[in-house]
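Here is the structure we will look at.
Each chain gets a letter, A, B and so on, in the order the sequences are listed, and its residues count up from 1. Reckoned from all heavy atoms, side chains included, excluding hydrogens, waters and symmetry mates.
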2 protein chains.
Amino acid sequence: MDRAVGRREVTIRDVAAAAQVSKATAARALGDYGAVRGEVRERVRRAAAQLGYRPNAVARTMSTGRSQTIGMVVGDIQNPFFAQAARGASDAADAAGYELILSNSDEAGATETKAIGVQLDKRVDGLLIAPASSSRADALRAVTDAGRPLVLFDRTVPGLEADAVVADNRRGAIELTRLLTDAGHRRIAFLSTIEHPGGYRRGDIISISSVADRVAGFEHAMRDAGADAVVRLGAPRDDVEQVAVELLTGEGAVTAVVASDSLIALDVYRACRDLGLRIPRDVSLVAFDDADWAGLVEPGITVMSQPMHAIGAEAAGILLSRIGGAGGRARVRVFDQELILRGSVAPPPEPSGRP
Amino acid sequence: MDRAVGRREVTIRDVAAAAQVSKATAARALGDYGAVRGEVRERVRRAAAQLGYRPNAVARTMSTGRSQTIGMVVGDIQNPFFAQAARGASDAADAAGYELILSNSDEAGATETKAIGVQLDKRVDGLLIAPASSSRADALRAVTDAGRPLVLFDRTVPGLEADAVVADNRRGAIELTRLLTDAGHRRIAFLSTIEHPGGYRRGDIISISSVADRVAGFEHAMRDAGADAVVRLGAPRDDVEQVAVELLTGEGAVTAVVASDSLIALDVYRACRDLGLRIPRDVSLVAFDDADWAGLVEPGITVMSQPMHAIGAEAAGILLSRIGGAGGRARVRVFDQELILRGSVAPPPEPSGRP
DNA sequence: ATGAAAGCGCTAACAA
DNA sequence: TTGTTAGCGCTTTCAT
């Protein structure tokens, strides 16, 4: 009756007793390591099954120092990009017997730091992070300082010696932009939601490397074409449509836009519709990430697709190998992106491209 | 030099030594519980900050039995429904100082059982589960048997005494279906991907309660209207489009379809497009879940929107209160769904509804 | 208000 | 091959 209320968990001690061996032997039989006589092993296993024994992973972590858990910090799991990367990481972790603890940073440094702290306190064996800003090397160094491997995904942090898995965003942006300039566009906007206090001016340092690379590629292609680059960062997530409207109307209206992700493309699309602007007749639109709806609307949206699941899986794979003790310098693995041509690009309305 | 390599972690022992107090006092000061003299508390805190002390959450779990972590098992995090529910749960957990461990079940019983086992072994304080099947009460009972609270979301499991947070799917299905029958449709399909070996026949028990409720509502509304209900379950996730094509063509082609989630609706939409069928002129389409693209295509898709973030947050809230010791019988909390009328419903092509 | 010591369940040296 | 013992870092009686 004394162990009634909480129905005390069955521990390895109970199993050992039932199988008439010592705790150590029971542990060896169950964890199969060390040496145990076949017959004894069987006896222990039966006892364990019989009692419904489940090892206490916390205790195991306590004594081994390893938790079989990895942490992952994403911007927002509701963003399909992160959801797919998370799934990729989860699959890879799972296959290796690891579990995944997930946190959202909302792309805010403070939130990210807190999340990392908690994960570290929980003794994750390693961390997967899409850093909210490339100026946060210090915050990230807390991970390696704690002696745990860290791999970045989607973004790198200059000055931080860490593995990273990213897409070739510069190249992707160049290809996407060329589509537009080749079609004759002379004034094109690049639109992103990442914060950039004070508004972007050519040459500014952009805090998220993937976006920085895209902007660099965009500007490069625009310069090549001798066209006007309008880079608009910091559009509020829930008000992108308004920003798009501003870009698309008035004096310096652009005739095409490059959306930095599928969520942004969605709002640009909405803005066009509300403005009565037809794609691609009145405005051309291209975007990063192949959202499910991009091929659904008529005409479809031309996009640069990133292998998101693979990026997540690869990042987890690298992390796992580091956890397993793999040495060597940090490397950044760059995935190619895939251009998916659909019908959202056409020459601009006033054919400035034709003499 | 002996503690060089792994640069041993700073423990409460080190803090205690630095502050010249006992471990117990240091722990009290840091965890602020028990009684500690103000001046001593300060001294300890300074020492901790100085040394960069971080409590070891694992050790704490070890001695308190509580991990400040909750587990969540979803079908697939890439499904926007689950992504949003996960975000809701994560937000609620976070606000209460809890972390979330996430697993995907892929709607497979075995995977789910394994995930639950791992989570339990990790000593999560409670579990949030969208059960893969309502016939899995036993597998779920492992959670309560382990003395940890369990709350289901999106689905219930008859015969299992557990809190649950769901949407009013029966009502939702009725409203959606009535839209169709009122428009004159006499042969309508309900399409879902959930497995149902052998194909569905009226009266069969459907393994996922949310779908079962939708089918019940659908059949109810169809009977009311004296119309032909075609219930098609078990469409393979990556081949829904083909199933939709079959439904939409040939002898007994339907003139309208109710898609059980937004992913399915997407494929039905694709099927229509490939078949050259116009929505809503040739076929009417309604669906559950308000995907971002539903309002984007032309015309928009009429949907029944579920408060996914709220469902996740509420589920986590209930779980947290149970963890906090809240007693009382298990309750199921039902959220209303919201009908969003757009333009995807019209009378069927052969106006059988008009005399 | 503070300290000493036990203990959470497991693994890992070390003995036997 | 097996058992004994000593921790892992923290919280928590129980004394003082």
Side-chain angles (χ1 to χ4, degrees), chain A residues 2-3 6-45 47-48 51-69 120-123 125 146-147, chain B residues 2-3 6-45 47-48 51-69 120-123 125 146-147:
Chain A
D2 42 17
R3 53 193 171 67
R7 174 168 65 305
R8 198 180 55 76
E9 311 258 350
V10 355
T11 74
I12 201 164
R13 211 184 118 93
D14 304 311
V15 175
Q20 322 216 59
V21 294
S22 71
K23 272 169 40 183
T25 300
R28 284 189 271 252
L30 262 14
D32 56 22
Y33 62 94
V36 185
R37 194 146 44 88
E39 185 235 326
V40 174
R41 182 195 319 280
E42 266 322 297
R43 184 146 43 93
V44 172
R45 294 213 168 138
L51 296 173
Y53 169 76
R54 303 247 29 174
N56 183 327
V58 177
R60 181 173 289 167
T61 298
M62 194 68 194
S63 67
T64 60
R66 328 192 64 259
S67 62
Q68 297 288 111
T69 302
L120 254 20
D121 292 351
K122 288 236 157 78
R123 295 307 189 260
D125 293 333
Chain B
D2 42 15
R3 53 193 171 68
R7 164 172 74 302
R8 200 178 56 75
E9 311 258 350
V10 174
T11 74
I12 202 165
R13 211 184 117 92
D14 304 311
V15 176
Q20 324 216 54
V21 295
S22 70
K23 270 168 41 182
T25 300
R28 285 191 271 252
L30 263 12
D32 55 21
Y33 62 92
V36 185
R37 193 147 46 89
E39 185 235 326
V40 174
R41 183 194 319 281
E42 266 322 298
R43 185 148 41 93
V44 172
R45 294 212 168 140
L51 297 174
Y53 169 75
R54 303 246 30 174
N56 182 325
V58 177
R60 181 173 288 167
T61 298
M62 193 68 196
S63 66
T64 60
R66 330 194 60 259
S67 62
Q68 298 288 112
T69 301
L120 253 20
D121 292 351
K122 288 236 157 80
R123 295 309 188 259
D125 293 334

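The distance from atom CZ of B:Arg123 to atom C1' of C:dC8 is 11 Å, rounded to the nearest whole Å. C:dG9 atom C1' lies 15 Å from atom CG of A:Leu51, rounded to whole Å. Atom pair B:Arg13:CZ and C:dA5:C1' shows a separation of 14 Å (rounding to whole Å applied). A straight line from NZ of B:Lys122 to C1' of C:dG9 spans 16 Å, rounded to a whole angstrom. Atom-to-atom, CZ of A:Arg41 to C1' of D:dT1 comes out at 11 Å; the value is rounded to the nearest Å. Distance B:Glu9 CD to D:dC10 P: 9 Å, rounded to the nearest Å. Look at CD1 on A:Ile12: it is 19 Å from P on C:dG7, rounded to the nearest Å. Rounding to whole angstrom units, CG of residue A:Leu30 and C1' of C:dT11 are separated by 13 Å.
Among the nucleotides D:dT2, C:dT11, D:dT11, the one closest to any side-chain atom of A:Arg37 is D:dT2. Ranking D:dT4, C:dT2, C:dT11 by closeness to the A:Ala24 side chain, first place goes to D:dT4. Among the nucleotides C:dC8, C:dT2, C:dC10, the one closest to the side chain of B:Ser63 is C:dC8. For B:Val21, taking side-chain heavy atoms from C-beta onward, the closest of the listed nucleotides D:dT11, D:dG3, C:dG3 is C:dG3. Of the candidate nucleotides D:dC10, D:dT2, C:dG3, D:dT2 has the atom lying nearest to any side-chain atom of A:Thr25. Of the candidates D:dT11, C:dC10, D:dT2, D:dT2 carries the atom nearest the A:Val36 side chain, counting heavy atoms from C-beta on. Listed nucleotides C:dG9, D:dT12, C:dA12 differ in distance to A:Asn56; the shortest reach to its side chain belongs to C:dG9. When distances run from any side-chain atom of B:Ser22 to the nucleotides C:dA4, D:dT1, C:dA6, the shortest one goes to C:dA4. Comparing D:dC10, C:dC8, C:dT2 by their nearest atom to the side chain of B:Met62 picks out C:dC8.
Within the 4.5 Å cutoff, side-chain heavy atoms of A:Leu51 are placed close to those of A:Val15.
B:Lys122 and A:Thr69 share a donor-acceptor pair across their side chains, judged by distance under 3.5 Å alone.
The side chain to side chain donor-acceptor pair (under 3.5 Å) test with B:Asp121 is passed by exactly one of A:Arg60, A:Gln68, A:Arg54: A:Arg54.
Judged by distance alone, with hydrogens and angles left aside, B:Arg28 brings a side-chain donor or acceptor within reach of the base of C:dG3, the pair sitting under 3.5 Å.
Contact annotation for A:Val58: no contact, since no heavy-atom pair falls under 4.0 Å across all strands. Using a 4.0 Å heavy-atom cutoff across all strands shown, B:Val40 reaches sugar-phosphate atoms only and no base atom.
In this structure, A:Ala146 and A:Leu120 approach most closely via the heavy-atom pair CB-CG, 4.1 Å. In this structure, A:Tyr53 and A:Val10 approach most closely via the heavy-atom pair CD1-O, 3.5 Å.
Remark: B:Arg60 is in phosphate contact with D:dT11, judged by side-chain N or O atoms under 4.0 Å from OP1 or OP2.
Across the interface with DNA chain C, nearest-nucleotide mapping of B:Lys23 and A:Arg54 shows B:Lys23 to be the residue nearer the 5′ end.
Of the possible donor and acceptor atoms, one in the side chain of A:Arg41 sits under 3.5 Å from a partner among the backbone N and O of A:Val36. Within the 3.5 Å criterion, the main-chain N or O of B:Ala19 finds a donor-acceptor partner in the side chain of B:Arg43. Judged by distance alone, with hydrogens and angles left aside, the side-chain atoms of B:Arg45 form a donor-acceptor pair with the main-chain N or O of B:Ala29 at under 3.5 Å.
From one end of the helix from C:dA1-D:dT16 to C:dA16-D:dT1 to the other, with five pairs defining each end axis, the axis direction shifts by 40° (rounded to 10°).
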